[in-house]
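None of these values were measured; they are calculated from a predicted model. The analysis underlying the following values was restricted to heavy atoms, covering all of them including side chains, and did not include hydrogens, waters or symmetry mates.
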Amino acid sequence: MSKRAVTLRPALVLSLGLAALAALLYYASTVDGRAPTVREISLTQHLSADSQMALTTSSVEVGFSEPVDHATAQAAFKIRPATSGSFSWSAAIMTFTPAARLPLSTPFQVSVGPGVRDLAGNRMTANPGPFTFTTVGNPVVVDSNPTDATLDVALDAPIVIDFSTLMDTPSVEQALALTPDLPVRLRWSRERLTIMPVAALEPNQRYSLTIGVGARDQAGTPL
């Protein structure tokens, strides 16, 4: 009995080794033979309500399905209008950062052409459709609550102002004027400014809220 066990054990080990090798070769052949793809093209800085409305300081990210050869991916990247910039990488994500802030109110198109190869040498064959975006214009106030000339406002009502882009909050707060003057607390949430009066408003009182041209967005563009 012991002799049979000794003679069968090497055969069993050999069989298991061959099975593992076959599984490894099958896995390598299926993974290494798969061409890379572009999973997503996106902006690093955009309006909260519109992922294709870029801040002028935004970069462009291209996410691949797997790590790829950097040189081939960078050569395949195209942006129109032509824009100078640099590339950086994090795993399978390529980031293009413009050398200067993008121009205001300008449409752009980003594409990734053929030639991208993964680390095993497989060439990308399915090119994604172009990704389009537009940069913001000069910041403006797009909405407010209450609206201009509203009557019968509640005495404890906050004042809500929505801007068209992310603002430089200190510059807005310095440009803000409320007449008659009263103490307020300011709270920001993305493009929204909420003004909370510390004390109740006076009844039958006309108030005026103004924001001067010293207010700027995060890229320094004036109101």
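- With sequence neighbours excluded, the residues that form a side chain to side chain contact (heavy atoms under 4.5 Å, CB included) with S58 are L43, T44, Q45, A54.
- Q52 places a side-chain N or O within 3.5 Å of a backbone atom of T132 that can act as its donor or acceptor partner.
- Under the rule for a side chain to side chain contact (heavy atoms under 4.5 Å, CB included), the partners of T210 that lie at least two apart in sequence or sit in another chain are A177, S208.
- Under the 4.5 Å side-chain heavy-atom criterion for ILVMFWY residues, a single connected hydrophobic cluster contains both V68 and F131.
- Sequence neighbours left out, the pairs with a member in residues 96-121 that pass ring pair (Phe, Tyr, Trp, His ring centres under 6.0 Å) are F77-F96, F87-F96, F108-F133.
- Side-chain atoms of D217 never come within 3.5 Å of backbone atoms of D168 as a donor-acceptor pair (strictly under, hydrogens ignored).
- When all heavy atoms are compared, the tightest approach of A175 to A215 is CB-N, 3.8 Å.
- Under the 3.5 Å distance criterion, the side-chain polar atoms of T95 are left unmatched by any main-chain donor or acceptor of E61.
- Between P67 and A92, the shortest heavy-atom distance links the atoms N-CB, 3.8 Å.
- Residues meeting the side chain to side chain donor-acceptor pair (under 3.5 Å) test with S48, sequence neighbours left out: E191.
- D162 pairs by the salt bridge (Lys or Arg N to Asp or Glu O under 4.0 Å) definition with R192, not counting sequence neighbours.
- The OG1 atom of T37 lies 8.0 Å from the CD atom of E66; values are rounded to the nearest 0.5 Å.
- T147 and T150 share a side-chain donor-acceptor pair at under 3.5 Å.
- A distance of 7.5 Å separates CG of L119 from CG of D69, quoted to the nearest 0.5 Å.
- The hydrophobic cluster around V141 extends to L155, I159, I161, F163, M167, V172, L176, L178, L182, V184, L186, W188, L193, I195, L201, Y207, L209, I211, L223, counting ILVMFWY residues whose side-chain heavy atoms fall within less than 4.5 Å of a member.
- Cluster partners of V140, using a side-chain heavy-atom cutoff of under 4.5 Å among ILVMFWY residues and allowing indirect links, are V142.
- Applying the ring pair (Phe, Tyr, Trp, His ring centres under 6.0 Å) test to pairs two or more places apart or on separate chains, those with a residue in residues 46-74 are H70-W89.
- Residues V60 and L55 fall into different hydrophobic clusters, defined by Ile, Leu, Val, Met, Phe, Trp and Tyr side chains chained together at heavy-atom separations under 4.5 Å.
- Applying the side chain to side chain contact (heavy atoms under 4.5 Å, CB included) test to A49 and every residue at least two apart in sequence or in another chain returns nothing.
- For the pair R101 (side chain) and A219 (backbone), a donor-acceptor distance under 3.5 Å is present.
- With S111 contributing its side chain and G113 its backbone, the two residues share no donor-acceptor pair below 3.5 Å.
- Panel note: side chain T72, backbone R117; a donor-acceptor pair is recorded below 3.5 Å.
- S105 and G137 get closest at one heavy-atom pair: OG-CA, 3.2 Å.
- Linking Ile, Leu, Val, Met, Phe, Trp and Tyr residues whenever their side-chain heavy atoms come within less than 4.5 Å places V110 and M124 in a single cluster.
- Using modelled atom types, one side-chain atom of T135 and one backbone atom of T106 make a donor-acceptor pair closer than 3.5 Å.
- Between R185 and T194, the side chains place no donor N or O within less than 3.5 Å of an acceptor N or O (distance only, hydrogens not considered).
- Of all non-hydrogen atoms in T83 and P98, the two that sit nearest each other are CG2-CB, 4.0 Å.
- Between R206 atom CZ and T179 atom OG1 the span is 11.5 Å, to the nearest 0.5 Å.
- T169 OG1 to R216 CZ: the interatomic distance, rounded to the nearest 0.5 Å, is 14.5 Å.
- Distance check, rounded to the nearest 0.5 Å: CG of L47 to CE of M53 gives 6.5 Å.
- Heavy-atom contacts from other residues, nucleotides or ligands closer than 6.0 Å to CZ of R187 number 12 or fewer.
- Here the shortest heavy-atom pairing between S144 and D148 reads OG-N, 4.4 Å.
- Between P222 and P139, the shortest heavy-atom contact is O-CD, 3.3 Å.
- For P107, the side chain to side chain contact (heavy atoms under 4.5 Å, CB included) criterion is met by T134, not counting sequence neighbours.
- In the hydrophobic clustering, I93 connects to no other residue, as no ILVMFWY side-chain heavy atoms lie under 4.5 Å from its own.
- Panel note: side chain T125, backbone R123; no donor-acceptor pair is recorded below 3.5 Å.
- For S164, the side chain to side chain donor-acceptor pair (under 3.5 Å) criterion is met by no residue, not counting sequence neighbours.
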